[in-house]
Q: 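Before I ask anything, let me first share the structure, which is written out below as structure tokens.
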Amino acid sequence: MYSRIYDSIKNQLQEILKDKHDITTELVWSKPHSSNLGDLSFPLFNVAKETSLTPQDIGKELIENFPMMSIIDRSELKGGFLNLFINQNEFAKIILSEIISLDKYGKSNLKEKKRIIVEHTSANPISPLHIGNIRNSILGDVIGRLYRFLGAKVNFRYYVNDLGRQIAPVIIGYFLLNNDGIKPDTKIDIWIGKIYALMNTFLEIYQIKSEFESLSLIPDIESSSYELSEAEIEYYQAKLDTSSVDQQQKERMLKQLLKLLRVQNSLKEKLSELYLQLKNLLVLNVEDLDDLANKYLVGYLAGEDKEMVDKFRKVTQNTLSGHTETLNLYNIYHDDFDWESEVSWGGEVGKILAQLDKKEFLRHDGQALLLENDKIASQLGFKEKYNINYEIPDLILVNSEGIALYPCRDIAYHLHKLEKFNANYCINVIGKDQQLAQLSVRTALYGLGEHEKADKILHYDYEIVTLVGGRMAGREFEYVTCDELFIMAKNEIETILENRDYSTEIKEDIAKKVSISSIRYSILKIDSQKIVTFDAKKAVDPNENTGPFLQYSYARALNILQKAPKKGIDADSIIQSVKQINFDIRKEIEWKMISLMEELPFVLKRALTQLKPDTVANYAFSLASVFHKFYDACPVLLAKDKDSLDTRIAIVYSFTKCLESLFEVMGIDTLEKM
RNA sequence: GACCCCGUAGCUCAGUUGGAUAGAGCACCAGCCUCCUAAGUUGGGGGUCGCGAGUUCGAAUCUCGUCGGGGUCGCCA
């Protein structure tokens with residue numbers, strides 16, 4: 001609960017206590033549950049304890065001494081609490097005048113803007129965005145929007161992870177199809193996502209078969225290297241049983257076989273035509289997919305083979321164009337894209353490793369290099385600073401083949417990321433499972449002597465989104481894409497719109513905006529630390545979602561203001577001269593509206609300092625909910641007299657201003673009608 | 001074994017520096033459009049806040065322990 005007015009009352013009371021008793025205990029106030037306990041309430045127990053007086057005595061003293069302000073009607077002592085009853089009309093005048101006079105209520109316009117980088121989405125650039133990715137995007141987007149609304153200059157960055165091992169097979173598959181004249185039959189990123197799922201499965205099948213081959217287990221069954229049959233599985237299973245392979249490996253291989261069979265069959269069913277085309281092309285053109293994929297990746301990593309670079313870029317750029325299209329549909333925009341490959345080509349990684357090694361922060365194990373997190377953190381004050389009192393595990397930076405892994409490039413990237421935008425802070429929206437990797441980026445920067453930079457980096461972590469059946473797996477084509485989700489939501493909304501008397505264009509606009517708000521809100525409202533189990537039916541049901549509820553409250557409010565002239569009411573001039581209004585609050589729900597609207601700026605500030613965008617969503621819901629109740633209980637245009645009419649018009653208009661601010665932060669579109 | 005997160009109504013979740021009688025939505029039951037858009041609203045039932053201690057005038061909230069679920073912890077990104 002937040003209130004500037006209540007805070008100032010608190011401060012006055014605090015002054016009295018300081019004068020009389022030299023008290024250090026901080027007074028706190030809260031809004032009582034029931035209106036007959038007043039509008040704000042101070043528990044006096046702690047103060048009583050420090051003065052060794054009773055709460056009653058302290059209360060009496062406070063009542064006797066504080067200057068009666070016009071904002072307070074009366075006071076009451078009850079059960080150790082000092083309860084104050086507010087002059088609600090006075091309060092309304094102050095707050096509503098303020099809301100109405102401001103361009104955007106709750107917005108900060110600082111002259112010297114903080115510069116903030118928000119890195120978000122950074123999805124696998126070989127498959128379309130799915131519901132798991134969009135949680136990242138929406139959280140990142142809203143955090144950035146919050147910063148911007150509260151006066152920061154925000155730079156949205158997308159880090160393109162284009163050096164993953166899983167990418168090379170996709171490139172191979174993409175160009176096999178392309179050269180064979182097979183064209184994409186869907187949106188490009190979805191097309192590439194299909195190739196990814198197929199190629200990855202073909203590769204894994206190839207690999208497990210090679211593994212059996214190396215054990216001299218070769219079934220006498222006609223088959224390709226890229227396909228598994230039931231008969232082969234039976235053969236492998238039987239042979240494994242009698243082989244000398246150790247138990248653990250047996251189990252692993254068997255498990256992998258069964259998984260691959262399941263995935264293969266499911267892909268065969270889902271992507272039947274493409275499955276066959278790609279498999280046949282592989283059989284014809286590629287003898288050893290594993291080897292070829294490695295050659296591709298090595299070629300791209302070096303960055304010198306122009307043709308190879310073009311191939312990788314073509315595919316990943318295509319995917320990204322699909323991502324961008326989807327993100328824009330969801331009201332999400334990036335300013336810059338950073339390529340992991342460019343970090344690699346920059347040659348920074350080698351220097352960083354050398355430097356860390358020189359300072360003896362790397363542990364060698366054969367060719368492998370491990371970052372000694374705990375050593376760095378203990379020696380350089382990192383643990384004290386971040387209050388870590390356990391042993392931080394090492395992180396592997398270079399594998400035993402001497403290949404630098406992802407975290408190396410992440411360290412190099414962060415070394416320059418802040419400079420690229422001259423940022424005060426950098427927020428990385430990255431899943432919770434990356435906790436150690438993200439922590440290691442900062443310890444590594446400490447190890448390099450870049451304390452200041454490390455301290456500017458914040459890992460904003462969030463929990464995964466799971467499907468009802470299990471995790472989402474891009475490799476298995478097991479996901480609901482954001483595009484699909486949007487269509488599903490839109491269809492639901494369109495059935496509601498059927499009996500509305502709007503033009504097709506307007507219906508289309510409403511359906512789009514409501515769908516997006518519905519999805520955005522449903523993700524936003526959940527605490528980032530909670531695992532979301534995604535249920536498509538619920539996600540798409542307008543009755544379950546609050547996005548439409550918010551937009552509807554806005555449309556209703558606007559409708560009142562628009563209808564006013566027809567009833568001979570000049571709403572505009574009432575609003576213009578809000579300071580002249582003789583406020584007359586008659587119902588508790590009117591007071592609730594006003595008291596809740598006062599909290600908005602504080603809700604936003606707190607959401608930012610705590611990085612909890614869900615609190616904005618939940619506040620918006622409370623406000624809209626109170627408005628709907630107000631709407632039913634308090635007819636505005638039929639108000640019985642001028643004072644009541646003016647009061648209610650001011651409330652309705654202020655409410656629209658509140659929602660406009662909240663919508664801007666949440667990335668939800670306003671609608672004039674629904 | 002170490003560390004991080006979660007556990008509140010049948011389901012999904014709020015619950016703010018510890019405050020008075022723990023709240024919504026969905027689902028279920030019963031109402032409200034001659035009145036600003038019923039994507040709304042009114043009422044009802046439904047709770048051992050995982051469990052156990054501790055601190056406190058006061059604990060869903062803080063501390064410790066414990067149970068259950070998820071995640072991370074040397075060769076994925």
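All chains are named by letter (A, B, ...) in the order of the sequence lines, taking the proteins before the strands, and each is independently numbered beginning at 1.
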Q: Output the rounded distance in Å from CD1 (A/I519) to C1' (B/A39).
A: 16 Å
Q: Report, as a single string ordered 5' to 3', how protein heavy atoms within less than 4.0 Å touch nucleotides 11-24 of chain B: B base, S sugar-phosphate only, - not at all.
A: S-SS-BB-BB---S
Q: Please measure how far the P atom in B/C3 lies from the corresponding atom in B/G45, and state the result in whole Å.
A: 46 Å
Q: Taking atom types as modelled, find out whether A/T25 and A/N46 have a side-chain donor-acceptor pair closer than 3.5 angstrom.
A: no
Q: Counting distance only, does the side-chain N/O of A/N399 pair as donor-acceptor with the main-chain N or O of A/E401 below 3.5 Å?
A: yes
Q: What's the closest nucleotide to the side chain of A/Q435 if the choices are B/A39, B/C4, B/A38?
A: B/C4
Q: Could you write out each protein N or O paired with an N or O of nucleotides 62-67 of chain B at a distance under 3.5 Å?
A:
none

Q: Can you tell me whether the base of B/G52 sits syn or anti, using the 90° cut around 0 to define syn?
A: anti
Q: Please give the distance between the P atoms of B/U17 and B/C62 as a whole number of Å.
A: 9 Å
Q: Pick the P atom in B/A53 and in B/A14, then give their distance to the nearest Å.
A: 28 Å
Q: Which nucleotide, B/A77, B/A38, B/U72, lies nearest any side-chain atom of A/Y552?
A: B/A38
Q: Going by atom types only, do A/D57 and A/T54 share a side-chain donor-acceptor pair under 3.5 Å?
A: yes
Q: Quote, to the nearest angstrom, the P distance that separates B/A60 from B/A20.
A: 10 Å
Q: Which nucleotide sits closest to the side chain of A/L436: B/A39, B/A38, B/C73?
A: B/C73
Q: Is the shortest heavy-atom distance from the side chain of A/E463 to the side chain of A/V532 under 4.5 Å?
A: no
Q: Which value, in whole Å, describes the distance between the P atoms of nucleotides B/G19 and B/A2?
A: 33 Å
Q: Return the value, rounded to whole Å, for the distance between atom CD of A/Q166 and atom P of B/A77.
A: 8 Å
Q: Mind checking salt bridge (Lys or Arg N to Asp or Glu O under 4.0 Å) for A/D527 and listing every partner two or more places apart, or none if nothing turns up?
A: A/K612
Q: With nearest nucleotide decided by heavy atoms, which residue, A/A624 or A/D541, maps closer to the 5′ end of RNA chain B?
A: A/D541
Q: To the nearest Å, how far apart are A/M674 CE and B/C36 P?
A: 18 Å
Q: Distances under 3.5 Å only, N/O to N/O: pair up the protein atoms with those of nucleotides 28-31 of chain B.
A:
none

Q: Quiz question: by atom type and distance under 3.5 Å, do the side chains of A/T495 and A/E492 form a donor-acceptor pair?
A: no
Q: If only atom types and distance count, is the side chain of A/H459 paired as donor or acceptor with the main-chain N or O of A/I430 below 3.5 Å?
A: yes
Q: When we call it a touch if two heavy atoms are under 4.0 Å apart, what does A/L497 touch: a base, just sugar-phosphate, or nothing?
A: base
Q: Atom CD of A/Q434 and atom C1' of B/C3: how far apart are they, to the nearest Å?
A: 16 Å
Q: So, does the side chain of A/R556 form a donor-acceptor pair with the base of B/A39 at under 3.5 Å?
A: no
Q: For the pair made of CG in A/N373 and P in B/C3, what is the distance, rounded to whole Å?
A: 16 Å
Q: Kindly write out the residues that satisfy side chain to side chain donor-acceptor pair (under 3.5 Å) with A/H628, not counting sequence neighbours, or none if the list is empty.
A: A/R556
Q: Nearest whole Å is fine: how far is B/G25 P from A/F549 CZ?
A: 8 Å
Q: In residues 391-409 of chain A, which ones come under 4.0 Å of RNA chain B, going by heavy atoms?
A: A/P393, A/I396, A/N399, A/S400, A/L405, A/Y406
Q: Measure from CG on A/D433 to C1' on B/U72 and round the result to the nearest Å.
A: 8 Å
Q: Does A/F602 have A/K605 sitting over its ring (NZ/CZ under 6.0 Å from centre, angle to axis within 45°)?
A: yes
Q: What residues form a ring pair (Phe, Tyr, Trp, His ring centres under 6.0 Å) with A/F312, not counting sequence neighbours?
A: A/Y300
Q: Looking at every strand, decide which applies to A/E340 at a 4.0 Å heavy-atom threshold: base, sugar-phosphate, or nothing.
A: sugar-phosphate
Q: Looking across every strand, which nucleic acid part, if any, lies under 4.0 Å from A/Y502 by heavy atom: base, sugar-phosphate, or nothing?
A: base
Q: Rounding to an integer number of Å, can you tell me how far A/Y462 OH sits from B/C4 P?
A: 21 Å
Q: Could you tell me how far B/G25 sits from B/C67 if I compare only their P atoms? Round to whole Å.
A: 38 Å
Q: Would you please name every residue forming a ring pair (Phe, Tyr, Trp, His ring centres under 6.0 Å) with A/W339, sequence neighbours left out?
A: none
Q: For B/G15 versus B/C32, give the span between their P atoms, rounded off to a whole number of Å.
A: 36 Å
Q: Hey, are the side chains of A/Y158 and A/E119 touching, using non-hydrogen atoms and a 4.5 Å cut-off?
A: no
Q: With rounding to whole Å, what would you report as the distance between B/G23 and B/U61 at their C1' atoms?
A: 15 Å
Q: With a cut-off of under 6.0 Å to the ring centre and 45° to the axis, is A/R648 in cation-pi contact with A/Y653?
A: no
Q: Please check: side-chain N/O of A/S8 versus main-chain N/O of A/I5, any donor-acceptor pairing under 3.5 Å?
A: yes
Q: Sequence neighbours left out, what passes side chain to side chain donor-acceptor pair (under 3.5 Å) with A/R4? Give chain and number order.
A: A/E98
Q: Decide, for B/C33, between syn and anti: a glycosidic angle within 90° of 0 counts as syn, anything else as anti.
A: syn
Q: Verify the distance criterion only: is there a donor paired with an acceptor across the side chains of A/Y462 and A/N136 at less than 3.5 Å?
A: yes
Q: Test of understanding: with salt bridge (Lys or Arg N to Asp or Glu O under 4.0 Å), list the residues that count as partners of A/E76, not counting sequence neighbours.
A: A/R74
Q: Fit a plane to each ring of A/Y159 and A/Y413, take the angle between them on a 0 to 90° scale, and name the class: parallel (under 30°), tilted (30 to 60°) or perpendicular (over 60°).
A: parallel
Q: Only counting residues at least two apart or in another chain, list the ones meeting ring pair (Phe, Tyr, Trp, His ring centres under 6.0 Å) with A/Y406.
A: none
Q: For Watson-Crick and G-U wobble pairs within 3.5 Å on both distances, what is RNA chain B written in dot-bracket notation, | included for inter-strand pairing?
A: (((((((..((((.....[...)))).(((((.......))))).....(((((..]....))))))))))))....
